[in-house]
Amino acid sequence: PLHRGDVLAYSFQGGGGYGDPIRRDPARVSRDVAAGFVPPHWASALYGVVLREGAVDAEATRARRREIRAERLGGRPPQADPPEGTGMAAVCPRIENGKSFRCLCGADLGPASENWKARAHRRVVPPQACGPHLTLHAELELREFACTECGTLLELEVARRDQDSLATIVLDT
């Protein structure tokens with residue numbers, strides 16, 4: 001329990017980014033490819049951005065992002081689309097009225113007093129799914145949690161294979 005005056009500190013492992021990569025502005029991904037920071041293959045694989053002769057193919061990018069969201073849901077097409085846009089407001093799950101966790105699409109991820117991960121779609125992904133430079137010790141795995149409605153990536157977690165997932169945050173409401 002936290003009490004008035006308590007301080008909560010949370011330390012992440014070295015991070016790859018903030019929010020769902022497929023919500024990144026395609027124009028920014030295109031600029032990163034042009035600058036040599038991101039190879040075209042990874043623009044499509046990680047960010048869902050399809051480039052044709054250096055330009056963003058908007059329709060192919062929308063299709064690729066829908067495909068990624070379906071992959072996150074075990075091949076099942078998403079039942080909803082997350083709202084358009086990028087930025088800090090696009091990070092979820094979000095806490096609504098201090099009472100419940102919600103995805104960007106509005107899907108209910110449960111009360112804020114419980115672990116929202118129990119209502120998310122969980123799958124174990126190989127480290128290479130996050131790029132060519134990520135490796136894990138043999139006793140660790142990479143767990144992906146996505147909204148069951150729209151397939152938005154909510155969290156990637158590194159955990160021991162034999163341990164339950166951590167609760168990111170639980171509020172005493």
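Scope of the values below: all heavy atoms of this structure, side chains included, with no hydrogens, waters or symmetry mates.
- More than 12 heavy-atom neighbours from other residues, nucleotides or ligands sit within 6.0 angstrom of CG on Asp162.
- Crowding of Arg28 atom CZ: a count of heavy atoms from other residues, nucleotides or ligands under 6.0 Å not exceeding 12.
- In this structure a side-chain-to-backbone donor-acceptor pair under 3.5 Å is missing from Lys99 to Ala112.
- Remark: the backbone N or O of Ala120 is not paired with any side-chain donor or acceptor of Thr148 at under 3.5 angstrom.
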Report the C-alpha separation of Leu154 and Trp116 in whole Å, then their side-chain angles, then the decisive distance to 0.1 Å, and conclude whether the side-chain contact (heavy atoms from CB on, under 4.5 Å) test is met.
-> CA-CA 10 Å; Leu154 304 171; Trp116 62 264; 3.5 Å; yes
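- Glu155 contributes no side-chain N or O that, together with a main-chain N or O of Glu144, makes up a donor-acceptor pair within less than 3.5 Å.
- Looking at Ser30, its side chain never comes within 3.5 Å of a backbone N or O of Pro26 through a donor-acceptor pair.
- Remark: the backbone N or O of Cys150 is paired with a side-chain donor or acceptor of Arg69 at under 3.5 angstrom.
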Worked check of side-chain contact (heavy atoms from CB on, under 4.5 Å) between Leu109 and Ser100 = CA-CA 7 Å; Leu109 297 169; Ser100 63; over 6 Å; no
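- Put simply, SG on Cys147 and CG on Asp20 are 10.5 Å apart, with the number rounded to the nearest 0.5 Å.
- Side-chain atoms of His121 come within 3.5 Å of backbone atoms of Arg72 as a donor-acceptor pair (strictly under, hydrogens ignored).
- No side-chain donor-acceptor contact under 3.5 Å links Arg24 to the backbone of Tyr47.
- In this structure, Asp57 contributes its side chain and Ala60 its backbone to a donor-acceptor pair below 3.5 Å.
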